[in-house]
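Contents: one structure, followed by commentary.
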Amino acid sequence: MDADAVLAEQQRLAALQPSAWYPERTPLEVAAAVVTYGCGGQGHSGADEPAWASAVLLRGSQLIAARVLEGVARAGYVPALLAVREGPLLAAAVESLGTRPDVLLLAAAGRDHPRRAGLALHLGAMLDVPSIGVTDRPLLARGAQPGAHRGDTSPLLLHGAEVARWVRTATGVRPLAAHAAWRTTATVAATVLLTTTSGVRTPQPLREARRLAREARDRRRVERPGW
DNA sequence: GCGACAG
DNA sequence: ATCTTGTCGC
């Protein structure tokens, strides 16, 4: 899928009205997927870079599945086109899990996007799984900072609509943005973010996925230096 | 002096 | 994102 196809697909997805999903089961089965890059040096945003994608599935705090794939990022990073760079790798990693999670966590925006369909929404729709995005900062949405304690939140608005929410996941750390994505609202995104963070800033599934992807990359760096 | 539009 | 140095804003 090239950039033009992604643009068209995102516009189509943004106009859909999928049924809303709400967390009802306990413990929740939450999956997360990430991509990490490896060439060495500073600045990783180019095309044809070696990349490692990992996906994990947790039931509550229990890790029940994990996969790591080695691949290549076809496109460089372009704001608002993250799906072109990371979509294929992330989709392959999640599909390799071979199971359907209740919800999928991705380090990307959802409705907070110029076409109202960032990578988190795009991938959820593509895989037919409710999804939420978790990022350090919003893409286009704006909002006042939340309170200083764990659980404090504040709305992130785009053209008057709440597309994401600042969430203080732990007292004394910078807040994270919880993004409404495929079949989810900012409220649900914030709830899932808080249920997956206890004492730490980053949600457990995302931490585990990152750890595994970096581990695979660093292992490969030793075996094939200069790659 | 160089940026603040996800990763 | 990744690597790193400094701790702060037009």
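Quick note on labels: first sequence line is chain A, next is B, and so on, each numbered from 1. Atom set for the values below is all heavy atoms of this structure, side chains included, hydrogens, waters and symmetry mates excluded.
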Pairwise [atom1] distance for [N] and [M], with rounding to whole Å:
| N | M | atom1 | result |
| --- | --- | --- | --- |
| B:dG7 | C:dC8 | C1' | 25 Å |
| C:dT5 | B:dA6 | P | 24 Å |
| C:dG6 | B:dC5 | C1' | 25 Å |

key: hydrophobic_cluster_shared for A:Val200 and A:Leu193, side chain cutoff 4.5 Å   =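 Cluster IDs for A:Leu193 and A:Val200 differ.
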ask   = What about A:Val34 and A:Val94, same hydrophobic cluster or not, with Ile/Leu/Val/Met/Phe/Trp/Tyr joined at side-chain heavy-atom distances under 4.5 Å?
value =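 No, separate clusters.
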Please report the distance, rounded to the nearest Å, between [atom1] in [X] and [atom2] in [N].
| X | N | atom1 | atom2 | value |
| --- | --- | --- | --- | --- |
| A:Leu123 | B:dG7 | CG | P | 16 Å |
| A:Arg214 | C:dA1 | CZ | P | 6 Å |
| A:Glu49 | C:dA1 | CD | C1' | 9 Å |

query = Which pairs pass side-chain hydrogen bond (donor to acceptor under 3.5 Å, both in side chains) with one or both residues in residues 143-155 of chain A, sequence neighbours excluded?
reply =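 side-chain hydrogen bond (donor to acceptor under 3.5 Å, both in side chains) check on residues 143-155 of chain A returns A:Arg150-A:Thr197.
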ask   = What side-chain hydrogen bond (donor to acceptor under 3.5 Å, both in side chains) pairs are there with at least one residue in residues 166-179 of chain A, not counting sequence neighbours?
value =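 Passing the test, one end in residues 166-179 of chain A: A:Thr135-A:His179.
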query = Any salt bridge between A:Glu49 and A:Arg85, counting N to O under 4.0 Å?
reply =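 Salt bridge flag = yes for A:Arg85 with A:Glu49.
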Any N/O pairs under 3.5 Å between the protein and nucleotides 2-6 of chain B? List them or say none.
{"unit_1": "B:dC5", "atom_1": "O4'", "unit_2": "A:Leu139", "atom_2": "O", "d": "2.7"}
{"unit_1": "B:dA6", "atom_1": "OP1", "unit_2": "A:Arg137", "atom_2": "NE", "d": "3.0"}
{"unit_1": "B:dA6", "atom_1": "OP1", "unit_2": "A:Arg137", "atom_2": "NH2", "d": "2.1"}
{"unit_1": "B:dA6", "atom_1": "OP2", "unit_2": "A:Tyr77", "atom_2": "OH", "d": "2.3"}
{"unit_1": "B:dA6", "atom_1": "N7", "unit_2": "A:Ala80", "atom_2": "N", "d": "3.0"}
{"unit_1": "B:dA6", "atom_1": "N6", "unit_2": "A:Ala80", "atom_2": "O", "d": "3.1"}
{"unit_1": "B:dA6", "atom_1": "N6", "unit_2": "A:Leu81", "atom_2": "N", "d": "3.4"}
{"unit_1": "B:dA6", "atom_1": "N6", "unit_2": "A:Leu82", "atom_2": "N", "d": "3.4"}
{"unit_1": "B:dA6", "atom_1": "N6", "unit_2": "A:His113", "atom_2": "NE2", "d": "3.2"}
{"unit_1": "B:dA6", "atom_1": "N1", "unit_2": "A:Leu119", "atom_2": "N", "d": "3.0"}
{"unit_1": "B:dA6", "atom_1": "N3", "unit_2": "A:Ala109", "atom_2": "N", "d": "2.7"}

query = Which range-with-range stems can be found for DNA chain B when each stem has 3 or more Watson-Crick or G-U pairs in a row and both distances sit under 3.5 Å?
reply =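 When the pairs of DNA chain B are grouped into runs of at least three, no such run exists.
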Tell me every residue that passes side-chain contact (heavy atoms from CB on, under 4.5 Å) with [X], counting only those two or more places apart in sequence or in another chain.
| X | answer |
| --- | --- |
| A:Glu162 | A:Pro155, A:Leu157, A:Arg165, A:Ala186 |
| A:Ala65 | A:Leu57, A:Leu97 |
| A:Ala141 | A:Asp112, A:Pro138, A:Leu156, A:Leu158, A:Val163 |
| A:Asp2 | A:Asp4, A:Ala5 |

request  = Can you tell me which residue pairs pass the salt bridge (charged side-chain N to carboxylate O under 4.0 Å, His left out) test with a partner in residues 88-101 of chain A, sequence neighbours excluded?
outcome  =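 Qualifying pairs, neighbours excluded: none.
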message = Nearest 0.5 Å, please: how far is CZ in A:Arg25 from CG in A:Asp102?
response =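 Separation between the atoms: 4.0 Å.
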message = Taking salt bridge (Lys or Arg N to Asp or Glu O under 4.0 Å) as the definition, give me every residue that meets it alongside A:Arg201, ordered by chain and number, with sequence neighbours left out.
response =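 Salt bridge (Lys or Arg N to Asp or Glu O under 4.0 Å) list for A:Arg201, sorted by chain: A:Asp136.
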inquiry  = Let's see if you get this right: which residues in residues 201-213 of chain A place a heavy atom under 4.0 Å from DNA chain B?
reply    =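 DNA chain B contact set from residues 201-213 of chain A: none.
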ask   = Could you write out DNA chain C as a dot-bracket string, with dots for unpaired bases, | for bases paired across to another strand, and Watson-Crick or G-U pairs counted at under 3.5 Å?
value = ..........
message = Can you see whether A:Arg183 engages A:Ser19 through a side-chain donor-acceptor pair at a distance of less than 3.5 angstrom?
response =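 Their side chains do contain a donor-acceptor pair, which is all the 3.5 Å distance test asks for.
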